Amino acid sequence: MARYTVRETEEKWQAVWAERGTFRATEDPGRPKYYVLEMFPYPSGRLHVGHIRNYAIGDVVARYKRACGFNVLHPMGWDAFGLPAENAAIANRTHPGAWTFENIRVMGEQLRLVGLSYDWDREIATCTPDYYRHEQKLFLDFLKAGLAYRKESWVNWDPEDHTVLANEQVIEGRGWRTGAPVERRQLTQWFLKITAYAEELVAAIETLDRWPDRVRLMQHNWIGRSTGASMRFALKHRNDGLDVFTTRPDTLSGASFCAVAADHPLARELATGRPEVQDFIDECRRLGTSEEAIQTAEKTGFDTGLVALHPFDGRELPVYIANFVLMDYGTGAIFGCPAHDQRDLDFARKYGLPVRPAHWPRGVTPLDPEGDPAHAEILARHRQAFADHGLVIVPDDTAEGGVRGYLHILDTAFLPRDVALSEEGLSAAGKTIVAAARAEDAQAYDLCGLVPTGTVLSIAAAKDTAIAALADRDRGEAKTTYRLRDWGVSRQRYWGCPIPVVHCPDCGVVPVPEADLPVTLPDDVSFDQPGNPLDRHPTWKHTVCPSCGGAAVRETDTFDTFVESAWYFLRFCSPHSDRPFDEAAAKYWMPVDQYIGGIEHAVLHLLYSRFFTRALQACGYDTVDEPFAALMTQGMVVHETYADPDGAWVYPEEVEEREAGPVRARDGAPVTRGRLEKMSKSKKNVVGLEKVVETYGADTARLLLLSDSPPERDLEWSDAGIEGAWRFVNRVYRQVTEPQASLPAMDAPVPDAIGAAAQDLRRRTHKTIAAVDGDLQGFHFNRAIARLRALSNAIGDFRPADAADAWVLREALEALVRLLCPITPHLCEELWQVLGYGDLLTTHPWPEADAALAADAAVTLGVQVNGKLRSTITVPVDADRALAQAVALAEAPVRRAIGDKTVRKVIVVPNRIVNIVVG
RNA sequence: GCGGGUGUGGCGGAAUUGGUAGACGCGCCAGACUCAAAAUCUGGUUCUGGAAACAGAGUGUCGGUUCGACUCCGACCACCCGCACCA
């Protein structure tokens with residue numbers, strides 16, 4: 001029995017593809033294009049099998065689309081700037097560049113092992129001046145367009161990496177790479193004006209209909225659009241006012257205090273000469289921004305003695321400095337409405353401030369709400385503010401029949417629903433309120449007399465009313481704010497793209513002229529002390545001012561590495577262009593038709609890229625606004641983990657199964673099996689790529705990575721799994737190389753008479769073609785593989801008896817090989833040759849199903865009695881109801897189930913089911 | 001706290017618009033081939049009872065709609081993820 005010599009075969013076809021330039025992409029306006037891209041890797045060392053899933057998915061898409069006639073662009077490169085290179089340089093006394101290029105070499109070889117259909121002529125590495133000179137040019141464009149600026153601000157400082165981090169790179173108060181608690185520092189930094197596109201970026205999410213909802217939602221939340229009102233409180237005894245943003249202008253009549261952030265200019269002003277104010281501000285700053293600190297910190301405030309005047313009724317409101325008000329959001333100042341905001345309520349309790357309902361149906365209660373004991377009681381009972389959909393309990397003294405009714409409206413968290421919405425014993429007015437409350441977000445308002453007390457309004461209408469009243473008094477207007485902050489791109493590190501500006505003592509910040517680009521990194525740097533080597537370099541930063549020619553220094557900060565990945569997909573369209581990208585090429589290829597990568601970039605990289613394309617348009621580049629038409633986020637590859645008694649991780653290959661449980665082979669120490677974890681070096685559960693490819697071949701690894709789980713879910717890598725995939729690869733190889741009959745020539749005509757069994761196989765073949773095509777279009781690779789296994793099983797069961805059967809067998813084998821080709825391309829290329837073809841299967845057109853041949857002659861229907869399956873019957877396709885009913889009623893188990901009961905109704909759904917209703 | 005997702009055999013997962021639940025694979029069991037093993041092939045494998053025929057139960061839980069529900073509706077439970085002092 002001929003064994004499949006997997007390594008030789010794979011190397012052979014890889015060489016053929018490379019030699020013929022099979023995957024080279026060129027613009028061809030005559031053909032539809034398809035740009036498929038996997039998020040390019042950071043060259044961190046070596047790839048393991050877990051890394052390959054992403055690329056395997058992209059490769060199937062690329063190969064499938066290519067076979068379907070698309071002009072496919074499928075490039076690969078290296079996101080090559082970054083801190084690990086510097087850390088490695090410090091640890092190993094090498095140069096970050098040397099380390100990076102060595103990793104690129106190794107990982108490039110690894111990728112080539114897998115037979116991925118990349119156009120390697122387009123390979124880029126972002127750490128080369130060839131790439132980053134264009135990035136510097138783009139930055140100069142941004143600068144000119146006012147999209148890049150420098151300002152002093154509070155920034156996130158990672159004390160371990162000695163650099164600033166963008167907001168997006170702080171996860172739960174810690175640096176995204178180091179996990180070190182982030183510190184606040186005030187520094188002068190370069191920013192890109194992503195907030196200029198906040199509205200566009202949030203609005204266009206809707207157009208990304210081929211992105212996962214999860215990612216769209218995360219971006220939506222990240223941008224954090226809030227609509228409301230911007231308003232100004234007058235300050236008693238002062239000429240200036242206090243600007244406040246609120247999303248709830250409808251609760252303005254319930255305002256009982258104002259508060260400003262510790263960093264607010266007003267607070268700073270008050271601090272001069274008043275040490276007690278300064279002390280409080282210092283205390284707020286000490287608090288930190290970590291999750292624990294925020295959760296445990298009490299809401300504290302400092303009464304400044306200033307008094308704000310309510311815009312509607314002139315009521316006097318104390319102004320506090322409060323530790324929970326953020327300078328970063330809105331205006332850094334708020335008004336507090338304790339009745340409708342939990343945090344404000346906590347604050348009001350602590351400082352004895354009044355709780356005044358804004359939506360309170362006075363038309364129903366005869367009491368003054370401010371002094372209403374019922375209200376106080378309710379607050380005491382629930383210790384909850386009535387948030388927007390919160391509970392309103394209305395004492396209804398006008399109830400009929402002498403029943404003192406309470407309306408429990410809206411929030412069923414506190415009360416059973418039946419109580420909450422009972423109208424029993426209520427007055428007509430009460431019933432109106434309940435009805436209004438049921439209408440989603442309606443509330444009764446008084447709004448400081450702007451509307452008649454007890455007027456029932458939706459919250460939206462009440463907001464509009466309040467905003468209109470503010471505008472009338474020239475006190476405010478509708479306003480939208482965003483949580484999104486501008487993107488801080490300065491990093492105090494060496495291994496990044498130098499920011500192309502010069503600081504001149506006379507001219508200030510001067511951009512490096514385009515003719516002087518690139519500003520290249522110096523090679524002779526030392527990492528023997530912490531901090532930025534560029535800053536310490538003896539000569540590099542000293543230069544002359546491009547403007548006045550005087551002595552000046554270079555900017556020593558480098559760009560955040562997310563800047564490189566924010567436009568690399570454009571560079572791939574024309575990687576050798578002497579401009580950042582060739583607009584005609586980008587016009588042809590962009591947008592990326594299918595982008596594939598991990599969910600971890602849901603906000604960072606994907607948001608930055610969406611901003612970049614828009615910013616480029618603003619700078620006059622002719623390109624798309626949305627870079628990625630479709631996005632697929634693949635799940636992780638997980639693998640078993642083991643730990644020894646001390647809790648240290650143990651490599652699975654060191655573990656031996658004994659009767660008493662798993663032990664470490666070396667010393668027999670018992671080990672515990674841990675959870676399935678994402679493959680990582682630290683958990684010692686990675687599976688090396690080379691070893692797998694050497695033993696089983698790249699095709700087998702690709703097959704496993706694509707079968708079993710849907711691509712967006714996690715996939716377990718296991719020894720049994722790879723063995724199973726290997727079995728299938730060999731089975732297909734044997735089926736084609738040792739067929740059950742001698743196959744006819746490839747151009748033999750369709751035989752005249754085909755037997756019944758062969759007809760079945762033909763039908764199966766054409767059904768499989770149609771189904772696999774649909775599966776690949778929908779990224780259901782696991783389903784496609786299941787169907788192909790089923791076809792292989794059918795081929796294995798088929799016993800050809802004559803020449804016609806052999807012809808049908810050949811047709812089935814060809815279909816199997818062609819359909820499997822995107823998944824296991826080397827094997828299929830080999831088998832295509834075995835089948836007698838001289839061309840490359842990779843460039844051969846995709847098979848088409850013949851619908852007539854795929855159609856069934858007969859169909860098996862389930863027969864139910866009272867909805868319970870009792871039998872199945874086989875009838876001709878589209879058999880009429882009467883026939884199906886007659887056959888069904890003749891079935892013995894059906895008759896038994898009916899027994900002596902009467903048949904009341906027989907439901908026949910043609911080609912689906914028969915249901916006999918008895919009783 | 002806010003928002004989102006997922007719950008199907010021993011395991012990964014299949015199931016068009018509501019229409020035979022468990023495709024396909026892994027694992028396991030039995031058998032063939034073999035001196036033996038590996039590989040390969042054949043059959044079985046949701047659970048309970050039964051030798052079998054067959055019967056009953058079954059898609060996180062409870063309820064509803066329907067001739068018929070993994071699928072639709074309501075309430076809940078569990079797990080996972082994102083954001084979080086955002087006014």
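Per chain, numbering begins at 1; letters A, B, ... match sequence-line order. Because the structure is predicted, anything quoted here is derived from the model rather than measured. Only this structure's heavy atoms are used, side chains among them; waters, hydrogens and symmetry mates stay out.
When the P atom is used for both B:rG13 and B:rG3, the distance is 28 Å, rounded to whole Å. When the P atom is compared between B:rC54 and B:rU40, the two are found 35 Å apart, to the nearest whole Å. B:rC26 and B:rA84: their C1' atoms are spaced 42 Å apart (whole Å). With P as the reference atom, B:rU42 and B:rA51 are 30 Å apart, rounded to whole Å.
Among the nucleotides B:rC54, B:rC67, B:rG27, the one closest to any side-chain atom of A:Ala720 is B:rG27. Nearest nucleotide to the side chain of A:Thr247, out of B:rU20, B:rC41, B:rA87: B:rA87. In this structure, the nucleotide among B:rC54, B:rG3, B:rG82 sitting nearest to the side chain of A:Met218 is B:rG82. The side chain of A:Leu326 approaches B:rC85 more closely than any other nucleotide in the set B:rA21, B:rC85, B:rC24.
Note on A:Arg214: only backbone sugar-phosphate atoms sit closer than 4.0 angstrom, heavy atoms only; bases stay farther off. Residue A:Val909 is classed as a base contact, given a heavy-atom separation below 4.0 Å to a base.
A salt bridge is absent between A:Arg483 and A:Asp328: the closest approach of a Lys/Arg side-chain nitrogen to an acidic carboxylate oxygen does not fall below 4.0 angstrom. Checked for salt-bridge contact, A:Asp775 and A:Arg783 meet the test: a charged N lies under 4.0 Å from a carboxylate O. Salt-bridge annotation for A:Arg225 and A:Glu199: present, with a side-chain N of the basic residue lying under 4.0 Å from a carboxylate O of the acidic one.
Contact annotation: A:Arg789 side-chain N/O to B:rA14 OP1/OP2 distance is not under 4.0 Å. Between B:rA39 and A:Arg734, no contact under 4.0 Å exists linking OP1 or OP2 to a side-chain N or O. In this model, the phosphate group of B:rA87 is approached by a side-chain N or O of A:Ser226 to a distance below 4.0 Å at OP1 or OP2. For B:rC41, the OP1/OP2 oxygens have a side-chain nitrogen or oxygen of A:Arg731 closer than 4.0 Å. Between A:Arg727 and the phosphate of B:rC26, there is a side-chain N or O to OP1/OP2 separation shorter than 4.0 Å. Between A:Lys868 and B:rA57 there is a side-chain N or O to OP1 or OP2 distance below 4.0 Å. At B:rA14, one or more side-chain N or O atoms of A:Asn782 fall inside 4.0 Å of OP1 or OP2 (strictly under the cut-off). Residue A:Arg343 places no side-chain N or O under 4.0 Å from the OP1 or OP2 atom of B:rG1.
For the pair A:Arg343 and A:Phe324, the NZ or CZ position fails the cation-pi test of under 6.0 Å to the six-membered ring centre and within 45 degrees of the ring normal.
Atom CZ of A:Arg783 is separated from atom P of B:rU16 by 8 Å (rounded to the nearest Å). The CG-P distance, from A:Leu704 to B:rG13, rounds to 13 Å in whole Å. Rounded to an integer number of Å, the gap from A:Arg713 CZ to B:rG7 C1' is 9 Å. Computed from coordinates, the A:Asp797 CG to B:rU40 P distance equals 17 Å when rounded to whole Å. Between A:Asp708 atom CG and B:rC26 atom C1' the separation is 7 Å, expressed in whole Å.
No more than 12 heavy-atom neighbours from other residues, nucleotides or ligands sit within 6.0 angstrom of CZ on A:Arg214.
Under 3.5 Å, the side chain of A:Asn915 and the base of B:rC67 form at least one donor-acceptor pair of N or O atoms.
Residue A:Arg787 is the one, among A:Arg787 and A:Gly796, whose nearest nucleotide of RNA chain B lies closer to the 5' end (criterion: closest heavy atom).
A:Tyr320 and A:Tyr351 have their aromatic ring centers within a separation under 6.0 angstrom.
No donor-acceptor distance shorter than 3.5 angstrom exists from the side chain of A:Thr872 to the backbone of A:Gly862, with no hydrogens or angles considered.
Paired regions of RNA chain B, where each region holds three or more successive Watson-Crick or G-U pairs whose two hydrogen-bonding distances fall under 3.5 Å, are B:1-7 with B:77-83, B:10-12 with B:24-26, B:27-32 with B:40-45, B:46-49 with B:54-57, B:60-64 with B:72-76.
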